[in-house]
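Just so you know, these numbers use all the heavy atoms, side chains as well, and skip hydrogens, waters and symmetry mates. Treat the numbers as computed from the prediction; the structure is a model and nothing was measured. In what follows, chains carry the letters A, B, and so on, assigned in the order in which the sequence lines appear, proteins first and then strands, with residues in each chain numbered from 1.
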2 protein chains.
Amino acid sequence: MPTPLLSREELIDRLFEVFRDEGFEGASMADLAAATGLGKSSLYHAFPGGKDEMARAVLAAIRARIASGVVGALQGPGPVAARLKRMADAIDVLYEKGTVGCLVGAFSQGKSRRAFRPELQDIFGLMIDALAATLREAGIASAEARRRAEDAVLAIQGSLVLACGTGDPAAFRRLIKNFAPRLLEP
Amino acid sequence: MPTPLLSREELIDRLFEVFRDEGFEGASMADLAAATGLGKSSLYHAFPGGKDEMARAVLAAIRARIASGVVGALQGPGPVAARLKRMADAIDVLYEKGTVGCLVGAFSQGKSRRAFRPELQDIFGLMIDALAATLREAGIASAEARRRAEDAVLAIQGSLVLACGTGDPAAFRRLIKNFAPRLLEP
DNA sequence: GTCTATAATAGGATAGAC
DNA sequence: GTCTATCCTATTATAGAC
């Protein structure tokens, strides 16, 4: 029967949630198998490289989601302020109003940061570059635009660390609320 | 011979570095033993509760270090701006100019965040409360002072996530440089 | 207080049947 | 493509000598 129980997309989505919530080291093959409803061997059939390959597949999926959802919002039509607002909404959806952590942030700390550095650099760079380009469109000087873009990405990450550590998403919510005006203030 | 090779303080300091660099799940007893120069059994003698007890001892030590170094700087003499500058310097020392990660941030993501939530809440609360109180001294309204304090702590965490993930401490350095003026701007 | 040795288990990964 | 069964290593933890 060549029909898999879950599509590869669905599979990666389940794996994503486990890696995001448990971290790379914290996610065991047993956890990943349980979350997908598959046996461990079936996971190895789909990802012969094991945990490492699963994590890379998940990172690639996140990158795509950020490129279409978050960066896509920036590159749509309308004035810069409206596009930034749509980016903030996309981030709010991505992190479920601050109730879930960030896999990229989780992988960035601890042992896993070394194994996945290229992917992490790529994803952070993608967001910062796109945001900086948009701010330049609004007439903000190049260097200042980049600083603000870095500050915004860093604030998202920091607010999620706080939300995960304390269980309180208030700082994340406030960040999302003030996202666009803050980036454009004189 | 009742004389240990390392004092408990030194012991905890070595454990701290491993937990900070590898994360809770990523730090193995073998890593911890190697870093202290002790056998695994000796570690169990000092910390009968194993990894969990070591992590709690390390968190208590960090809390003390933050209370004396970072919060201590805020509560010293002089005008608020000078005290904030000293706090920024203390943070710069604590994170070695952005070349090392934050254990509290690392423990806040992944599996470990659940086991250590009370300790994490306590440490984040300590910093935010102390910073907010100082900003109120400078005449900033209570709610606004708390928002700014949260933003500052969140920015420190976020800049360290970025530094760890990309290997580039530039955003952290910039944050430290502008720390005091940014908090006090009108 | 530290060590060597060893238990006990969990984790990652593979083999081969269906 | 999925499963059961198994292997092997790493990991946590303990026992007991010195």
Side-chain angles (χ1 to χ4, degrees), chain A residues 1-59 61 103 106-107 110-116, chain B residues 1-59 61 103 106-107 109-112 114-116:
Chain A
M1 279 99 237
T3 312
L5 291 182
L6 271 64
S7 71
R8 191 173 175 90
E9 199 180 358
E10 287 168 320
L11 201 53
I12 288 174
D13 210 62
R14 309 283 185 95
L15 298 176
F16 162 69
E17 290 180 11
V18 178
F19 280 125
R20 180 196 62 196
D21 296 344
E22 312 297 341
F24 181 76
E25 279 80 30
S28 71
M29 288 300 300
D31 293 334
L32 296 163
T36 56
L38 291 179
K40 286 194 271 184
S41 298
S42 303
L43 279 181
Y44 275 101
H45 180 80
F47 305 95
K51 255 179 84 168
D52 206 79
E53 187 177 340
M54 290 181 223
R56 269 172 233 284
V58 164
L59 281 166
L103 185 142
F107 277 31
K111 207 162 212 155
S112 51
R113 74 184 189 282
R114 289 185 284 267
F116 301 108
Chain B
M1 277 97 236
T3 312
L5 290 182
L6 270 64
S7 72
R8 191 171 176 91
E9 199 180 359
E10 286 169 320
L11 201 52
I12 288 176
D13 209 62
R14 309 282 184 95
L15 298 176
F16 161 70
E17 290 181 11
V18 178
F19 280 125
R20 180 195 62 196
D21 296 344
E22 312 296 341
F24 180 76
E25 279 80 32
S28 72
M29 288 299 299
D31 293 333
L32 296 163
T36 56
L38 291 179
K40 287 192 269 183
S41 298
S42 304
L43 279 181
Y44 275 101
H45 181 79
F47 304 95
K51 256 178 82 169
D52 204 81
E53 188 177 339
M54 290 181 222
R56 269 171 232 284
V58 164
L59 280 167
L103 184 142
F107 276 32
Q109 281 176 313
K111 207 161 213 154
S112 52
R114 290 187 283 266
F116 301 109

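Distance B:His45 NE2 to D:dA13 C1': 16 Å, rounded to the nearest Å. The CG-C1' distance, from A:Leu11 to D:dG1, rounds to 11 Å in whole Å. Between the P atom of D:dA10 and the CG atom of B:Leu32 lies a distance of 17 Å, rounded to the nearest Å. What separates CD of A:Glu10 from C1' of D:dG1 is a distance of 15 Å, to the nearest Å.
Note: A:Leu6 CG to A:Thr36 OG1 = 7.0 Å, rounded to the nearest 0.5 Å. One finds the CZ atom of B:Phe116 at 12.0 Å from the CZ atom of B:Arg114 (value rounded to the nearest 0.5 Å). The CG atom of B:Leu103 lies 10.5 Å from the CZ atom of B:Phe24; values are rounded to the nearest 0.5 Å.
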Donor-acceptor list for residues 11-20 of chain A side chains, cut-off 3.5 Å, not counting sequence neighbours:
from    : atom 1 : to      : atom 2 : distance (Å)
A:Asp13 : OD1    : A:Arg65 : NH2    : 2.8
A:Arg14 : NH1    : A:Ala35 : O      : 3.2

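In terms of heavy atoms, B:Phe47 sits closest to B:Ala57 at CE2-CB, 3.8 Å. Contact detail for A:Ala106 and A:Ser112: the closest heavy-atom pair is O-OG, 4.1 Å.
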Could you walk me through whether B:Leu32 and B:Met29 satisfy the side chain to side chain contact (heavy atoms under 4.5 Å, CB included) test, starting with their C-alpha distance in whole Å, then the side-chain angles of each, then the deciding distance to 0.1 Å, before giving a yes or no? CA-CA 5 Å; B:Leu32 296 163; B:Met29 288 299 299; 4.3 Å; yes
Pull out every protein N or O sitting under 3.5 Å from an N or O of nucleotides 9-12 of chain C, one pair per line with the distance.
from   : atom 1 : to      : atom 2 : distance (Å)
C:dG12 : OP1    : A:Lys51 : NZ     : 2.8
C:dG12 : OP2    : A:Met29 : N      : 2.5

Quick one: which protein N/O atoms are closer than 3.5 Å to N/O atoms of nucleotides 16-18 of chain C? Pair and distance per line, please.
none

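In terms of phosphate contacts, B:Ser42 brings a side-chain nitrogen or oxygen within less than 4.0 Å of OP1 or OP2 of C:dC3.
The pair A:Lys51-A:Glu25 fails the salt-bridge criterion, with no side-chain N (NZ, NE, NH1 or NH2) lying under 4.0 Å from an Asp/Glu carboxylate O.
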